[in-house]
Engineer: 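Would you mind keeping the following structure in view while I ask a few things?
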Amino acid sequence: MTEVAVLGAGLMGAPMARNLLKAGLPVRIWNRTRDRAEALAADGAVVAATPAEAIEGADVIVTMLSDGDAVHDAMTAAAPALRPGQVWAQMSTVGVAAVERLAALAAEHGLIFADAPVQGTRQPAEQGKLVILAAAPEPARPALTPVFDAVGARTLWLGDDGALATGSKLKMAAVSYGISMTGIVAEALALAKGLGLDPGLVREVVSGGPMDNVYFQAKSKAILEGDFEPSFTVHNAEKDTRLITQAGEAAGVRLDMVAAAGERLRRAEAQGHGGQDMAATYFASFEEK
């Protein structure tokens with residue numbers, strides 16, 4: 001049976017670990033803030049005090065942390081317990097540039113590296129319905145498959161070399177769509193309100209027409225009801241806009257929409273909405289009071 005070490009018990013890591021446990025996979029978990037990891041003990045996870053303690057004996061190491069630096073720091077701390085042949089599934093959103101550094105760290109310790117970021121937010125993570133954007137050598141896939149099946153609805157295999165960052169490249173393109181769309185929905189509702197209209201009228205106009213979709217319904221509903229419980233926070237979305245913009249610049253692609261979305265998110269965070277769902281970009285349309 002595949003033993004899994006999960007480094008990171010945040011908004012995504014915790015539900016992913018729970019789904020691994022539900023699938024019958026043994027899980028050892030570490031988080032910088034230990035209380036978050038302790039919450040998983042009741043589900044059957046073994047809580048580790050250090051990254052090295054978490055990964056000892058694991059067949060697959062899953063990293064689900066905030067950014068590339070956090071991932072690199074955790075795996076460097078785990079180095080004394082790493083052993084050649086362990087499979088490292090790097091599932092965090094770290095952007096394209098960071099993958100080269102992480103893959104080099106994996107190679108240094110003889111690890112089999114999988115670039116496997118996930119598409120989806122807290123709710124799909126809780127439901128085990130993430131989409132895994134994976135690139136890994138063929139020999140690693142038997143160990144990775146039960147892990148990916150436990151946390152995701154499907155896995156897109158994009159290549160056999162994680163160091164090429166194919167999964168992370170696709171993640172940048174996909175998440176740019178979600179972040180930009182959120183900003184557009186929020187801005188349309190804010191404009192209606194600013195013009196003295198009930199912003200719910202925008203939802204009435206769009207609903208059932210060619211511009212309607214599940215995502216519009218979810219985000220517009222959250223804004224209209226003032227429900228900003230985080231599915232994907234303003235803070236993390238803003239971080240991703242910077243990673244996306246960097247990837248675009250490196251590829252010679254101008255990304256005006258996501259750059260504008262980043263500016264909105266930074267304003268919302270400055271207003272105190274950083275820990276709320278990224279739909280709180282709505283508030284960036286109005287002067288802070």
Side-chain angles (χ1 to χ4, degrees), residues 2 4-8 12-13 16 19-20 25 55 58-72 74-75 82-121 124-125 128-179 239-240 242-253 255 258:
T2 302
V4 186
V6 178
L7 305 185
M12 299 291 287
M16 289 169 66
N19 283 322
L20 290 167
L25 302 178
I55 66 91
D59 301 300
V60 176
I61 302 163
V62 171
T63 47
M64 180 51 74
L65 296 160
S66 59
D67 55 34
D69 287 341
V71 172
H72 192 275
M75 289 298 288
L82 293 172
R83 70 176 192 278
Q86 281 179 302
V87 178
W88 173 13
Q90 200 312 101
M91 305 184 78
S92 322
T93 301
V94 299
V96 176
V99 173
E100 181 179 356
R101 182 181 177 214
L102 299 176
L105 181 64
E108 179 184 338
H109 294 284
L111 307 179
I112 303 173
F113 182 72
D115 176 42
V118 300
Q119 178 64 22
T121 55
K129 293 183 177 179
L130 296 166
V131 179
I132 319 301
L133 312 177
E138 288 282 353
R141 297 187 187 183
L144 288 168
T145 295
V147 174
F148 292 168
D149 286 351
V151 302
R154 59 193 174 108
T155 298
L156 295 181
W157 289 105
L158 302 167
D160 59 8
D161 187 353
L164 296 178
T166 312
S168 288
K169 290 173 183 177
L170 183 56
K171 176 61 188 284
M172 292 295 93
V175 77
S176 70
Y177 170 77
I179 292 172
K239 178 264 294 185
D240 282 2
R242 286 183 277 116
L243 294 176
I244 295 162
T245 301
Q246 290 166 10
E249 288 174 351
V253 179
L255 301 173
V258 79

Engineer: May I ask you to test the Trp88-Leu82 pair for a side-chain heavy-atom distance under 4.5 Å?
Structural biologist: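 With C-beta onward as the side chain, the pair stays apart.
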Engineer: Applying side-chain contact (heavy atoms from CB on, under 4.5 Å) between Met16 and each of Val147, Val6, Leu130, Val4, report the one that passes.
Structural biologist: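 Result: among Val147, Val6, Leu130, Val4, Leu130 is the only option passing the side-chain contact (heavy atoms from CB on, under 4.5 Å) with Met16.
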Engineer: Any side-chain heavy atom of Glu249 within less than 4.5 Å of one from Leu255?
Structural biologist: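 Not in contact.
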Engineer: Going by heavy atoms in the side chains, are Leu7 and Ile55 under 4.5 Å from each other?
Structural biologist: yes
Engineer: His109 versus Leu105: any side-chain heavy-atom pair under 4.5 Å?
Structural biologist: yes
Engineer: Would the number of heavy atoms belonging to other residues, nucleotides or ligands and lying under 6.0 Å from CZ of Arg83 be above 12?
Structural biologist: yes
Engineer: Could you tell me which non-hydrogen atom of Thr93 sits nearest to which non-hydrogen atom of Lys239, and how far apart they are?
Structural biologist: O-NZ, 2.9 Å
Engineer: State, yes or no, whether a side-chain contact exists between Val94 and Asp67 at a heavy-atom distance under 4.5 Å.
Structural biologist: no
Engineer: Sort and list the pairs that fulfil ring pair (Phe, Tyr, Trp, His ring centres under 6.0 Å) and have at least one residue in residues 135-161, not counting sequence neighbours.
Structural biologist: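 Checked against ring pair (Phe, Tyr, Trp, His ring centres under 6.0 Å) - neighbours excluded - the pairs reaching residues 135-161 are Phe148-Trp157.
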Engineer: Return the CG to CD1 distance between Leu144 and Ile132, rounded to the nearest 0.5 Å.
Structural biologist: 10.5 Å
Engineer: Contact between Leu156 and Gln119 at the side-chain level, heavy atoms closer than 4.5 Å - yes or no?
Structural biologist: no
Engineer: Is there a side-chain contact between Ile61 and Gln86 in this structure, where contact means two heavy atoms from C-beta onward sitting under 4.5 Å apart?
Structural biologist: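 Yes - at least one pair of side-chain heavy atoms lies under 4.5 Å apart.
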Engineer: Shortest non-hydrogen contact from Ala247 to Met172?
Structural biologist: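 Closest heavy-atom pair between Ala247 and Met172: CB-CG, 4.4 Å.
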Engineer: Grab the two heavy atoms, one from Ala89 and one from Val60, that are nearest each other, plus how far apart they are.
Structural biologist: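 That would be CB-CG1, 4.4 Å.
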Engineer: Give me the atom names and distance for the closest heavy-atom approach of Pro117 to Lys171.
Structural biologist: CG-CB, 3.9 Å
Engineer: Are side-chain heavy atoms of Met75 and Leu111 found at a separation under 4.5 Å?
Structural biologist: yes
Engineer: Over all heavy atoms of both residues, which pair between Val99 and Ala163 is shortest? Give the atoms and the distance, please.
Structural biologist: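 So the two residues come closest at CG1-O, 4.1 Å.
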Engineer: Specify the closest pair of heavy atoms between Met12 and Val118, including all atoms of both residues, with the distance to one decimal.
Structural biologist: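 Taking every non-hydrogen atom into account, CE-CG2, 3.9 Å.
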Engineer: Rounded to the nearest 0.5 Å, what's the gap from CZ on Arg141 to CG on Asp160? Could you check?
Structural biologist: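 The CZ atom of Arg141 sits 6.5 Å away from the CG atom of Asp160.
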Engineer: Donor-acceptor check, side chain of Ser176 to backbone of Ala173, threshold 3.5 angstrom: yes or no?
Structural biologist: yes
Engineer: Could you measure the distance from the OG1 atom of Thr63 to the NE2 atom of His72? Nearest 0.5 Å is fine.
Structural biologist: 11.5 Å
Engineer: Less than 3.5 Å apart, any donor N or O on the side chain of Thr2 or Asp59 sitting next to an acceptor on the other?
Structural biologist: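 Side-chain D/A pair, Thr2 to Asp59: absent.
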Engineer: Measure the CG-OG1 distance between Asp115 and Thr166 for me, rounded to the nearest 0.5 Å.
Structural biologist: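 The OG1 atom of Thr166 is 7.0 Å from CG of Asp115, to the nearest 0.5 Å.
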